[in-house]
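Only one structure is covered here, and it is reproduced in the block below.
Fair warning: this is a prediction, and the values are worked out from it, not measured in the lab. In what follows, chains carry the letters A, B, and so on, assigned in the order in which the sequence lines appear, proteins first and then strands, with residues in each chain numbered from 1.
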Amino acid sequence: MDPMLAEKPVDLAALSPVDLHHRVAQFLYHEARLQDTHAYDAWEQLWEDDAIYWVPANGHDTDPERQMSILYDSRSRIKVRVEQLKTGRRHTQTPRSELARLISNIEVAAVEGAEVSVRANVLIYEDNLRGETIWAARNDYRLRLVEGAFRLVRKKVGLVNNARPVFTLSFLV
Amino acid sequence: MVQTEAPSRVAELIEPTRVHSRLYYDRTIFDEEMRKIWHRTWVYIGHESEVPNPNDYVTKSIGPTPVLLVRDRQGEIRLLLNKCPHRGNQLCAYKQGNRATFTCPYHSWTFANTGELMGYALPDGYEGVSKAGVSLGKVARIGIYRGFVFGSMAEEGPTLMEHLGGAKAALDQLCDNSPTGEIELTAGFLQHRTKANWKFMLENETDGYHPGFVHSSIFQVTKSGIANLYGKDSTALTRDYGNGHTEFDLRPEWRRLDTPLKWFGTSEERLPEYTAAMKAAYGDERARQIMIDGSPHTMIFPNLFIAEIQIFVLQPVAVDETIQHVTAVQFKGAPDINRRLRQQTMGSVGPAGLLLADDTEMYERNHRGALIHDPEWLVLSRGLHRERTDENGFRVAHSTDEVPQRGIWRHYLSLMQE
Ligand code: FES
Ligand SMILES: [Fe+2]
């Protein structure tokens, strides 16, 4: 367990805004590090069973149940995605992308029971065989506090240029 | 080997069983392809269902050139070039919408969605000048088959039906999988940017040799039996329809398994509405056969790939860059199958696709390989000894053989030599 996640709040509403913001930020940084370092198993375990992992295309208010998305994974497909990466034959990640991402503009949008909605901006630098790529996104998260630690219920990665052609996006975004 | 940039005749770069790497990276050849292929032959533009209502439009393309696919006020399909005839300004800056007229933002000339000029701004400056004959550029010929809209920039040439030839059967097979006989492309397109020459995609779409290797990771993880279709004992066929159209024909395998909807990894029980609609539309026997045979895997030259449940449109934008546009096929009047079609499509194709991201990785490596000059020639001889003709006279061979690739280059050469 990450030391920053070791403190265990029991009730989100009982936390001060500063404390809540701090804990949310620490969780997002933790997730970012797992993604940047290709820590596939640890990242997969962050997800709840009712998870939705969504990268829309052609705008930010599309209906993923009707329109194509770049990625629209249920919990079971998240697992397939990670298992594929772990085979060593996911060619687009063999060799793996070199990654560093910055997360900023973190806002707690709403608190509801054990869940908190969060907005954040992300800038990702990727280097791979093709070359260097910069990805920019406005993300929405829904986190759930389970046994004192945040878990991912919903993550929407809103690539700012998602209405235009984009390169292969095969690392964990 | 020293690279020579002196003009070379394409004919010297194509032999029956090998092609020269230069075909993929030479800018002058790319420009020649634009003139002799993309601006001349029939190119797939879009589908009628993308502009269902009068005055709908959507921006499509022929290679790097944007084309407005429009349904005019009268309901007729038009293909307009997005360039104001005054001083050449890009006319429409939006991907899609609904409008009866287009007004150029530069000096406000206004055009009907048939392309004709309706009026000048500050018309006193054009006293005595007729508006007649002033219009947006148009794709010279439009051909529509079962909702698929093709355009040819050439005033004359083979008809669309002559161009499609035997591959017309693939469009029929696809549409027959819909209980209404109609498909719709209404889910929006993913756009996958690829640093590779377009012909690597054209060749790979019906390459049955690679899936067992390139896609082994996902076959393993999903415990899919699909890998067997690309193995030594597969009865699936590669086919050359002529005119550059090629196919990976899985029907022999599905017929051997003799199970409706097996092709789509599902069953009649799991798609009861669809199954009932198919039986009502075609009768039990014919519906069963359609649902056993499934949807085709056919590459219609140069840019329309029917990948069973997806439609891919290849758009070359530079010698080393291609956009793969892709969406899920939707069967009109078949609600319970359409969600599954979209879900599978989103999982497998596009920039994050569990399949296509790996194909695309290969395209980009193909392209970087082409730039290395030794060896210069690439080999397309696989299965030459077991090529034969099918009952319709088309070349076929084993599922992993390079019949399609040889066929593509044969047609390519004929176009480039004219
Ligand atoms: S360029 Fe369009 S009106 Fe002048
Ligand atoms: Fe493939």
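Between chain A and the residues T194(B), T345(B), V214(B), the largest count of heavy-atom pairs under 4.5 Å involves V214(B). With chain B as partner, the option from R164(A), Q93(A), H91(A) having the largest number of non-hydrogen pairs under 4.5 angstrom is H91(A). In terms of heavy-atom pairs under 4.5 angstrom with chain A, the leader among Q343(B), H367(B), Q330(B) is Q343(B). No other option in N162(A), D73(A), V80(A) has as many heavy-atom pairs under 4.5 Å with chain B as V80(A). Per-residue counts of heavy-atom pairs under 4.5 Å with chain B were compared for L71(A), N58(A), V173(A); the largest is that of N58(A). For chain A, the option among R368(B), H215(B), K195(B) with the highest count of heavy-atom pairs below 4.5 Å is R368(B). Taking chain B as the reference chain and counting heavy-atom pairs below 4.5 Å, the highest number among M68(A), K79(A), Q67(A), E65(A) is found for M68(A). Comparing R365(B), M346(B), M362(B), Q315(B) by heavy-atom pairs within less than 4.5 Å of chain A, the highest count is held by M346(B).
Of the two parts of R77(A), only the side chain, counted from C-beta on, holds a non-hydrogen atom closer than 4.5 Å to a non-hydrogen atom of chain B. Heavy-atom distances place the side chain of R339(B), and not its backbone, under 4.5 Å from chain A. The contact between T94(A) and chain B is made entirely by backbone atoms, counting heavy-atom distances below 4.5 Å. There is no contact between V317(B) and chain A, counting heavy-atom distances below 4.5 Å. Heavy atoms of Q324(B) lying under 4.5 Å from chain A are absent altogether. Only the side chain of I323(B) comes within contact range of chain A, with at least one heavy atom under 4.5 Å from a heavy atom of that chain. Of the atoms belonging to S216(B), heavy atoms from both backbone and side chain fall under 4.5 Å from chain A.
Under the 30°/60° scheme for interplanar angles, the aromatic rings of Y230(B) and F248(B) are found to lie parallel. The aromatic rings of Y44(B) and F148(B) sit tilted relative to each other, their planes meeting at an angle between 30° and 60°. Aromatic ring orientation, W54(A) versus Y72(A): perpendicular (interplanar angle above 60°, classes split at 30° and 60°). The aromatic rings of F27(A) and H30(A) sit tilted relative to each other, their planes meeting at an angle between 30° and 60°.
Heavy-atom minimum distance, A357(B) versus H192(B): CA-CE1, 4.3 Å.
Taking the six-membered ring where the residue is Trp, the centroids of F102(B) and Y57(B) are separated by under 6.0 Å.
For the pair R130(A) and F167(A), the distance from NZ or CZ to the six-membered ring centre is under 6.0 Å and the angle to the ring normal is within 45 degrees.
Using a 4.5 Å cut-off on side-chain heavy atoms (C-beta onward), L314(B) and L304(B) make no contact.
Surrounding CD of E98(A) are at most 12 heavy atoms belonging to other residues, nucleotides or ligands under 6.0 Å away.
Ion pairing between K199(B) and E203(B) fails under the 4.0 Å rule for side-chain N and carboxylate O.
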